[in-house]
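So the structure is just underneath, and the comments pick up after that.
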Amino acid sequence: MCGRYALNATAGDLIEHFGLISCPEWNARYNIAPQSSIPVIRLKPGAGRVGQLVRWGLIPSWAKDPSIGNKLNNARSETAADKPAFRSSFRRHRCLIPANGFYEWQAIEVEAKVRKQPWYIHPTEPGALFAFAGLLAAWNTPAGDTLVTTCILTTGPNALMVPIHDRMPVILAPEQFDTWLDPDNPDVDGLRGLMQPCDPDLMAAYPVSPAINRGSAEGSECIKPVEVVS
DNA sequence: CCAGACGTTGTT
DNA sequence: GTCTGG
DNA sequence: CCAGACGTTGTT
DNA sequence: GTCTGG
C-alpha cells in the first residue's frame, strides 16, 4: 500500500507548511512512483527542519545488492522497529514525506472478475498536506557516493479506508512532528505509539481514472474525479 | 557457533 | 548491522 | 502501486 | 513467475 502519491505543492509551500529552513526546488507531480527522487523532511539537530531529495525505496546500509530497494517501498509500522531491514532507521533516521494525496487500488468484482479501481485520498481541509511517517537509510555506493533512500510506514485502515483497502500510510499530525523527527528521541515505545491510523475525518476520497495505472501518466488529470464504471 | 537472510503487497 | 535457522 | 519485460552473441 | 522501470 501507498505505492503512488501526488505532491503538487511548491518548495515554498513546503517551507511554509512545515516550517523548513531550506527545501530543494520541486516541480508539481501527480503520479509519484517508487524509485523516484522525492522530498522528505528531516530534523537537523541544532538547526531545524530541512527538506531533502532522496530516492523512494529503502536500501539498508548493510545491503550488498541495492536492488533490495526495489522492494522496500513500505515498512509495516507494527514491526519496523524490530526488523533487521528497518531497525536502525526506526531508531535514528526518521522523516516525514509530504503529500497532497495518495492513491489506493480497490479490488472490486465485476462479472466474476477482479477489477482494480484507483482512488485518490486527500486531506479534508482545503490546502492541507499529508505528512507520511517515513524512514531513511544511507547506502555507500561502490563509486564511493552516499545514496540516501526512504520508505513509507504503513498501518491498518481507518473507517474511511476500510471499503477501499486494508492498509494505509501512517499520517502524522503537526503536534507529533517534533517527537517523530528528533533523531535523539530514545523512546522507541513512544515512537511505536505514534504508528496509528489517522482520524478518518481528516481525509476524503474519490475514484479516479485507471489512466493513473500507467506510471508515466502525469498531470493534474491524474486526480480528476470520475464516476465509477461498474 | 556459523550461514544466510534481511521486505511489502497482494494473491493463492 | 542484526536476527533467525541449523 | 501497476505495466511491461523477461536473452545471448557478436557486430555496428 | 519475477524483476525492473515509471
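These numbers come from a predicted model, not from an experiment. Each chain gets a letter, A, B and so on, in the order the sequences are listed, and its residues count up from 1.
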Next item on the list: Pick the C1' atom in D/dG7 and in E/dT4, then give their distance to the nearest Å.
Entry: 15 Å
Checklist line | Same-atom distance (P) from B/dG4 to E/dG6, integer angstrom | finding: 35 Å
Next item on the list: Check the angle between the aromatic planes of A/H122 and A/Y206 and answer parallel, tilted or perpendicular using the 30° and 60° thresholds.
Entry: tilted
Checklist line | Ring centers of A/W56, A/Y5 separated by less than 6.0 Å | finding: yes
Side chains of residues 124-132 of chain A: which donor-acceptor pairs under 3.5 Å do they make with residues two or more places apart or in other chains?
{"from": "A/T124", "atom 1": "OG1", "to": "A/D201", "atom 2": "O", "distance (Å)": "2.7"}
{"from": "A/T124", "atom 1": "OG1", "to": "A/L202", "atom 2": "O", "distance (Å)": "3.0"}
{"from": "A/T124", "atom 1": "OG1", "to": "A/M203", "atom 2": "N", "distance (Å)": "3.0"}
{"from": "A/T124", "atom 1": "OG1", "to": "A/M203", "atom 2": "O", "distance (Å)": "3.4"}

Notebook entry, point to check: Can you check whether A/N73 has a side-chain N or O nearer than 4.0 Å to OP1 or OP2 of B/dT8?
Noted result: no
Check: When all nucleic acid strands are considered with a 4.0 Å heavy-atom cut-off, which category describes A/W62: base, sugar-phosphate, or nothing?
Finding: base
Check: For A/S36 and E/dG5, is the shortest distance between a side-chain N/O and OP1 or OP2 below 4.0 Å?
Finding: no
Check: For C/dC3, does OP1 or OP2 lie under 4.0 Å from any side-chain N or O of A/R87?
Finding: yes
Notebook entry, point to check: Can a side chain N or O of A/K116 be found less than 4.0 Å away from OP1 or OP2 on D/dC2?
Noted result: yes
Next item on the list: Using the P atom on both, measure B/dA3 against D/dG10 and round to a whole Å.
Entry: 38 Å
Margin query: Taking only the P atom of each, what is the distance from D/dA5 to B/dA5 in whole angstrom?
Written below: 31 Å
Check: Is it true that the side chains of A/T79 and A/D82 contain a donor and an acceptor less than 3.5 Å apart?
Finding: no
Check: Does any nucleotide pair with D/dT8 by Watson-Crick or G-U wobble geometry, both distances under 3.5 Å, and what is it?
Finding: none
Notebook entry, point to check: Just to confirm, is there a sub-4.0 Å distance from OP1 or OP2 of B/dT9 to any side-chain nitrogen or oxygen of A/R76?
Noted result: yes
Notebook entry, point to check: If we take the C1' atom in both D/dC1 and B/dT11, what is their distance in whole Å?
Noted result: 15 Å
Notebook entry, point to check: Just to confirm, is there a sub-4.0 Å distance from OP1 or OP2 of E/dC3 to any side-chain nitrogen or oxygen of A/N70?
Noted result: no
Checklist line | Check: A/W105 ring centre within less than 6.0 Å of A/Y120 ring centre | finding: no
Next item on the list: Decide whether A/N31 and A/R4 meet the rule of one side-chain donor and one side-chain acceptor closer than 3.5 Å.
Entry: yes
Check: Between A/R214 and D/dG4, does any side-chain N or O lie under 4.0 Å from OP1 or OP2?
Finding: yes
Note to self: Does A/F86 reach a base, just sugar-phosphate, or nothing at all? Heavy atoms under 4.0 Å.
What the structure shows: sugar-phosphate
Next item on the list: Go through D/dC2, B/dC6, B/dT9 for me and flag the one nearest to the A/N74 side chain.
Entry: B/dT9
Margin query: From the set C/dG1, B/dT8, B/dT9, return the single nucleotide nearest to any side-chain atom of A/R167.
Written below: B/dT9
Check: Among B/dC6, D/dC2, E/dG6, which is the nearest nucleotide to the side chain of A/A33?
Finding: E/dG6
Check: Can you tell which of B/dT8, D/dA3, C/dT2 lies closest to the side chain of A/N213?
Finding: D/dA3
Note to self: With a cut-off of less than 4.0 Å, is there a side-chain N or O of A/T154 near OP1 or OP2 of B/dT9?
What the structure shows: yes
Notebook entry, point to check: To the side chain of A/P34, which of C/dG1, E/dT4, D/dC1 is closest?
Noted result: D/dC1
Check: If the C1' atom of B/dT12 is compared with that of E/dT2, how far apart are they to the nearest Å?
Finding: 16 Å
Margin query: Suppose we define a pair by two distances each less than 3.5 Å, Watson-Crick or G-U wobble; what does E/dG5 pair with here?
Written below: D/dC2
